[in-house]
Amino acid sequence: MIFLIKQNIGIVNALIRITCGFTLLTYATARMVQRPWRQSSLLIAMMAAMKIGEGIVRYCPVTDVISRSMTADENNHTQNQSEPVEPINPS
């Protein structure tokens with residue numbers, strides 16, 4: 001089963017993610033060579049690989065979740081505005 005996802009980041013954003021991902025991956029690899037007993041370098045390498053993958057595929061799950069929640073909030077806001085509001089009569 002093939003899932004087609006909609007790309008949600010632009011070309012410039014993808015190139016920045018790829019560049020930062022490769023930079024962090026290089027940094028993490030150098031740290032793993034110097035201090036192989038540290039686990040933080042492995043975590044940095046996994047996060048860098050995720051950024052590289054996001055840049056290549058041009059899909060970011062965090063951006064997708066935020067945009068979906070914002071559109072849901074806008075839909076709820078427009079539905080609440082359609083109800084008539086009773087004005088306050090001070091007399």
Working to the nearest 0.5 angstrom, can you tell me the gap between [X] [atom1] and [Y] [atom2]?
X: T23; Y: I18; atom1: OG1; atom2: CD1; result: 11.5 Å
X: T19; Y: I52; atom1: OG1; atom2: CD1; result: 9.5 Å
X: I44; Y: M32; atom1: CD1; atom2: CE; result: 9.0 Å
X: R68; Y: N8; atom1: CZ; atom2: CG; result: 9.5 Å
X: I16; Y: I11; atom1: CD1; atom2: CD1; result: 11.5 Å
X: Y59; Y: D64; atom1: OH; atom2: CG; result: 3.5 Å

Look at atom CE of M50 and say whether more than 12 heavy atoms of other residues, nucleotides or ligands are closer to it than 6.0 Å.
-> yes
Specify the closest pair of heavy atoms between A14 and G55, including all atoms of both residues, with the distance to one decimal.
-> CB-O, 3.3 Å
Closest non-hydrogen atom pair, C60 against E54 = SG-OE1, 4.0 Å
Do the side chain of R58 and the main chain of I9 share a donor and acceptor less than 3.5 angstrom apart?
-> yes
Do S41 and Q34 come close enough that some side-chain heavy atom pair is under 4.5 Å?
-> no
